[in-house]
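As the structure is a prediction and not an experimental result, all values here were calculated from the model.
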Amino acid sequence: GYSGLETMQQAAVTNVFQINPGFTYLPEADFNNGRLGNVSVWRFDVPANYTLKMSAGDLRLGAFYEYSEYDLSRLDGTKDFNTLAFNTLWKSMINDDWGYFLYGAVSLSAATAAELESGLTGIGGGGVQYVWSPNLSLGLGAAVATHMEDNPNVLPIIALNWQINDRWRLTTLNGATISYDFSGDKKFLVDLGVAYQRREYRIDHYASLYDRQITVELGATYNFTPNVGIRGFVGVATDRQIQIRAHDDKIAEQDVNASPIIGVRALFTF
């Protein structure tokens with residue numbers, strides 16, 4: 001489900017509310033087993049967060065909603081899912097060089113026909129951060145995530161934030177993204193990133209659907225003002241796999257061919 005960790009590197013600004021609605025479409029892709037047909041997915045999501053910067057540190061409260069519709073040509077037709085998540089992040093500096101962060105989130109994710117609360121998962125973690133300069137910092141830590149039909153697992157946190165020069169920036173967290181300030185004034189930016197995505201949905205009282213993939217994404221952002229922008233992106237979802245799990249066991253597993261990704265996202269800061 002949604003963890004919110006991928007937004008950890010967003011700059012904390014005093015009393016700021018951000019909302020970033022987006023739409024993503026993955027066209028038809030065949031299952032490796034041709035008898036199963038193909039699958040296409042479209043998603044609408046609304047991440048939002050409120051950041052409060054205080055002398056002791058930065059507190060961010062986040063919320064997230066996502067609607068996903070899977071069109072499975074030969075597997076019971078269309079399936080739709082809802083995800084609702086809430087997360088909290090605390091960041092503070094111990095001295096000029098060292099800091100720490102603490103993070104926690106809960107997620108509810110299920111098919112529309114199932115009870116949303118039956119798809120409860122959680123994640124919690126923390127770590128330390130070292131700041132070499134205003135342009136270079138590195139955070140290291142770990143998080144523990146629970147799953148609906150699988151054992152909890154430990155996830156490493158490697159959060160690099162490197163402003164290489166006036167135009168180039170590199171960040172890592174659940175993947176890596178490099179961005180280029182094309183206009184030189186943060187009005188028009190392009191970015192290239194790779195990330196791992198894993199979603200899980202409760203489909204009934206006993207079983208859950210797991211959807212995992214690696215995405216490679218090329219995006220372009222245009223900021224009309226410092227508070228309003230739009231980002232379009234294209235890419236590819238590869239190494240895709242869909243599982244059905246029940247009672248902590250894998251019931252079925254199918255690989256899915258690579259698929260294009262098309263999407264758009266609005267950026268609002270208040």
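- Summarising the geometry of A176 relative to T172, their closest heavy-atom pair is CB-CG2, 4.0 Å, with the distance given to 0.1 Å.
- In this structure, the side chains of F86 and T88 stay at 4.5 Å or more apart for every pair of heavy atoms.
- For OH of Y65, the number of neighbouring non-hydrogen atoms (other residues, nucleotides, ligands) closer than 6.0 Å is greater than 12.
- A pairwise comparison of heavy atoms in A258 and A29 identifies O-CB, 4.1 Å as the closest pair.
- When all heavy atoms are compared, the tightest approach of E149 to R245 is O-NE, 2.8 Å.
- Between Y222 and F224, the angle of the ring planes goes over 60°, which puts this pair in the perpendicular group of the 30/60° scheme.
- Of the inter-residue distances, the one linking E69 atom CD with F81 atom CZ reads 10.5 Å to the nearest 0.5 angstrom.
- Look at D239 and R212 and you find a salt bridge, because one of the NZ, NE, NH1 or NH2 atoms lies within 4.0 Å of a carboxylate O, short of that distance.
- At a cut-off of 3.5 Å, with distance as the only test, a side-chain donor of S183 or D185 sits close to an acceptor on the other residue.
- Rounding to the nearest 0.5 Å gives a distance of 13.0 Å between OG1 of T221 and NZ of K187.
- Surrounding CD of E253 are more than 12 heavy atoms belonging to other residues, nucleotides or ligands, all under 6.0 Å away.
- In this structure, R167 and G184 approach most closely via the heavy-atom pair NE-CA, 3.5 Å.
- Side-chain contact between S107 and T83 is present, with at least one heavy-atom pair separated by less than 4.5 Å.
- A salt bridge (Lys or Arg N to Asp or Glu O under 4.0 Å) with D211 holds for exactly one of K79, R43, R199, R240; it is R43.
- Atom CH2 of W162 is separated from atom CG of L170 by 7.0 Å, given to the nearest 0.5 angstrom.
- Note that the OG1 atom of T121 and the NE2 atom of H147 stand 8.0 Å from one another [nearest 0.5 Å].
- Residues I158 and L140 have side chains in contact (heavy-atom distance under 4.5 Å, counting atoms from C-beta outward).
- Inter-residue side-chain proximity for F188 and D181 is flagged as unmet; no heavy-atom pair is nearer than 4.5 Å.
- Between the side chains of N135 and R169, no donor N or O sits under 3.5 Å from an acceptor N or O.
- In this structure, L189 and N223 have side chains that are in contact, with non-hydrogen atoms separated by less than 4.5 Å.
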*Decide yes or no on side-chain contact (heavy atoms from CB on, under 4.5 Å) for L52 and M54, but give the supporting numbers first.*
CA-CA 6 Å; L52 177 63; M54 301 170 285; 3.9 Å; yes
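- Scanning all heavy atoms of the two residues, the minimum distance from R202 to A114 falls at O-CB, 4.0 Å.
- The aromatic rings of Y206 and H247 sit tilted relative to each other, their planes meeting at an angle between 30° and 60°.
- Residues T51 and L59 have side chains not in contact (no heavy-atom distance under 4.5 Å, counting atoms from C-beta outward).
- The number of heavy atoms from other shown groups lying within 6.0 Å of CG (D96) does not exceed 12.
- A donor and an acceptor atom, one from each side chain of D80 and T112, are located under 3.5 Å apart.
- Looking at heavy atoms from C-beta onward, D58 lies out of side-chain contact with R60 at the 4.5 angstrom threshold.
- Of the residues L26, V236, N38, the one that meets the side-chain contact (heavy atoms from CB on, under 4.5 Å) test with S259 is L26.
- Using cut-offs of 30° and 60° on the angle between ring planes, the pair Y70 and Y201 is perpendicular.
- W42 is listed as a side-chain neighbour of F44, based on a closest heavy-atom distance under 4.5 Å.
- Taking the six-membered ring where the residue is Trp, the centroids of F101 and W90 are separated by 6.0 Å or more.
- Separation of atoms CD (Q129) and CD1 (I94) is listed at 10.5 Å; rounding is to 0.5 Å.
- For the atom pair CZ (R265) and CZ (R231), the distance works out to 8.0 Å, reported to the nearest 0.5 Å.
- Summarising the local packing, CG of D166 is surrounded by 12 or fewer heavy atoms from other residues, nucleotides or ligands at distances under 6.0 Å.
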